Student: 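Next up is a structure, given as structure tokens.
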Amino acid sequence: MDDRTGQRIVPETARRGDRIAASRYGNRPTMKDVAARAGVGLKTVSRVVNGEPGVTPDTERRVQEAIDALGFRRNDSARVLRKGRTASIGLVLEDLADPFYGPLSRAVEEVARAHGALLINGSSAEDPEREQELVLALCARRVDGLVVIPAGDDHRYLEPELKAGVATVFVDRPAGRIDADVVLSDSFGGARDGVAHLIAHGHRRIGFIGDMPRIHTAAERLRGYRAAMEDAGIAVADTWMSLGVTDPERVRRAAEEMLAGPSPVTAIFAGNNRVTVTVVRVLAETGRPVALVGFDDFELADLLRPGVTVVAQDAAALGRTAAERLFRQLDGGPLGPERIDLPTRLIQRGSGELPPAP
């Protein structure tokens, strides 16, 4: 058909010919469909798709044109299932919104990608029941392995999955009531070093604000605080310690109570990044020169005035170490449960070096 300028007009239906023809194959064309369109055998298509030798350039070109026309995608799920593996692993975090888990999750994903595996992650929201539901849902989807930051303290529900061969590594906190691989930061040693740093700068009345005591990291950091105070011969008052949810209101109340009265604390050790941020806000409002050391680094901590001194753990190293351990299990590596402890690092920025107010 010609328009008034004499140019040939190709109808839209004709231009979509290939797509209309392809539609009869449904939404997911198969290698058999590709073979029929290219006029070759199924084995030839398989060789082209998998990058195997034995196909002439002309035949490879025809197969690739058929693949492009049909929109064919290799079915990796079926391919790996034939090998007994799904090429996927699950990552169960405490809270996807917590910035601490960003580099950890990314490191796990990078290791998984290097091994040709897909990462599926989800959040337990610090709820043991939700953790169990999520873990078992991932197992039902036949993931090859799990990296778990546990919310609960009883993981016997995982025993059938472990016996069935699901590789599992726990991170940040150990598994409860089962033997399993775990990768930890040195929460005890890091807290002890952070509190000892405050003591070295003249502080004796030091408060500790931490997470819920049933959480392994919170308990270990409290233990490190107590050890540093004991090493210095300092008796700890009950009013100097507060553990509970990291909700800003609860943390704010704890900090304000420690800073009130005739003998307030002159320094605070904050048990994690969320606690530290709230304490920074409280101190900014009061304007008092109270020393602060926080466990976990956080964004912009170096830009505050003074910068926030922190005990930093390497979240990326935690994730990378756990994922590498997981794939060693999957590749037939050592089967005995192992505990791997990673060191922490004290970063001095000013807030932890303030002397006690006169």
Side-chain angles (χ1 to χ4, degrees), residues 76-96 101 104-187 214-220 315 317-342:
D76 281 337
S77 295
R79 177 170 169 263
V80 297
L81 280 171
R82 286 194 295 272
K83 298 182 178 181
R85 296 265 289 272
T86 62
S88 63
I89 64 171
L91 171 61
V92 179
L93 302 167
E94 174 201 347
D95 183 358
L96 289 171
Y101 294 117
L104 188 154
S105 176
R106 186 166 56 250
V108 173
E109 185 173 23
E110 287 173 356
V111 175
R113 186 168 180 266
H115 285 80
L118 176 70
L119 178 67
I120 306 170
N121 60 30
S123 170
S124 69
E126 203 60 72
D127 182 345
E129 290 186 6
R130 184 167 170 177
E131 173 211 302
Q132 180 173 340
E133 290 174 0
L134 182 55
V135 166
L136 294 180
L138 289 168
C139 290
R141 284 160 177 74
R142 304 293 298 276
V143 294
D144 298 318
L146 293 164
V147 175
V148 181
I149 296 160
D153 55 7
D154 187 348
H155 293 90
R156 288 177 294 177
Y157 70 84
L158 256 175
E159 286 179 338
E161 309 300 334
L162 296 175
K163 290 177 181 176
V166 178
T168 304
V169 178
F170 287 80
V171 183
D172 195 42
R173 311 164 188 172
R177 308 186 73 174
I178 64 170
D179 292 325
D181 283 334
V182 61
V183 181
L184 304 169
S185 290
D186 184 7
S187 286
R214 66 174 176 80
I215 298 174
H216 171 80
T217 49
E220 285 294 283
L318 280 170
R320 183 170 55 254
T321 304
E324 289 171 349
R325 175 71 181 179
L326 186 77
F327 281 99
R328 281 199 295 273
Q329 288 186 30
L330 290 170
D331 293 336
L335 300 178
E338 181 179 352
R339 171 174 170 150
I340 301 172
D341 289 284
L342 302 183

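Basis for what follows: all heavy atoms, side chains included, without hydrogens, waters or symmetry-related copies. Because the structure is a prediction, the values reported are computed rather than measured.
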Student: When rounded to the nearest 0.5 angstrom, what distance separates CD in Q132 from CG in D127?
Tutor: 10.5 Å
Student: Picking from T217, V171, L318, what satisfies side-chain contact (heavy atoms from CB on, under 4.5 Å) with S185?
Tutor: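 Among T217, V171, L318, the one that satisfies the side-chain contact (heavy atoms from CB on, under 4.5 Å) with S185 is L318.
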Student: Can you name the closest pair of heavy atoms from E220 and S187 and give their distance?
Tutor: CB-CB, 3.8 Å
Student: Return the OH to CD distance between Y157 and E129, rounded to the nearest 0.5 Å.
Tutor: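 Answer rounded to 0.5 Å: 11.5 Å.
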Student: Go through the structure and list residues passing salt bridge (Lys or Arg N to Asp or Glu O under 4.0 Å) with D341, not counting sequence neighbours.
Tutor: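 Listed in chain order: R339.
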Student: Nearest 0.5 angstrom please: E133 CD to E131 CD, how far?
Tutor: 10.5 Å
Student: Do L146 and C139 have side chains that approach each other closer than 4.5 Å (heavy atoms only, starting at C-beta)?
Tutor: yes
Student: Show me the donor-acceptor pairs within less than 3.5 Å that the side chains of residues 106-119 make with the rest of the protein, sequence neighbours left out.
Tutor:
{"unit_1": "H115", "atom_1": "ND1", "unit_2": "V111", "atom_2": "O", "d": "2.9"}

Student: What's the spacing between D179 CG and E159 CD if we round to 0.5 Å?
Tutor: 9.5 Å
Student: For the backbone of A137 and the side chain of R141, can you confirm whether one donor and one acceptor N or O come within less than 3.5 Å of each other?
Tutor: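 Yes: the side chain of R141 pairs with the backbone of A137.
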Student: Please name the pair of heavy atoms, one in A317 and one in T321, separated by the smallest distance, quoted to 0.1 Å.
Tutor: O-OG1, 2.7 Å
Student: Near D154 CG, under 6.0 Å, is it more than 12 heavy atoms from other residues, nucleotides or ligands?
Tutor: yes
Student: side-chain hydrogen bond (donor to acceptor under 3.5 Å, both in side chains) with Q329: which of D181, D144, T168?
Tutor: D181
Student: Side-chain contact, heavy-atom cut-off 4.5 Å: Y101 with N121?
Tutor: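 Result no, sub-4.5 Å side-chain heavy-atom pair not found.
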Student: Hey, could you give me the CG/CD1 distance between L91 and I149, rounded to the nearest 0.5 Å?
Tutor: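 Output value for this atom pair is 6.0 Å.
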Student: Would you mind reporting whether L104 and D172 have side-chain heavy atoms less than 4.5 Å apart?
Tutor: no
Student: If we only count heavy atoms from C-beta on, is the R173 to D153 side-chain gap below 4.5 Å?
Tutor: no
Student: Can you name the closest pair of heavy atoms from P174 and V182 and give their distance?
Tutor: CA-CG2, 3.6 Å
Student: Which pair of non-hydrogen atoms, one from S123 and one from R130, has the smallest distance, and what is that distance?
Tutor: O-NE, 3.1 Å
Student: So V135 and H155, side-chain contact (heavy atoms from CB on, under 4.5 Å) or not? Walk me through it.
Tutor: CA-CA 10 Å; V135 166; H155 293 90; over 6 Å; no
Student: Give me the atom names and distance for the closest heavy-atom approach of L330 to A167.
Tutor: CD2-CB, 3.8 Å
Student: Just how far is it from atom CG of L342 to atom CZ of R320, taken to the nearest 0.5 Å?
Tutor: 9.0 Å
Student: Tell me if a side-chain donor or acceptor on R214 pairs with a main-chain N or O of G152 at a distance below 3.5 Å.
Tutor: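 The answer is no, because no donor-acceptor pair under 3.5 Å joins these two groups.
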Student: What are the two closest non-hydrogen atoms of R142 and S88, and how far apart are they?
Tutor: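 Here R142 and S88 meet closest at O-OG, 4.4 Å.
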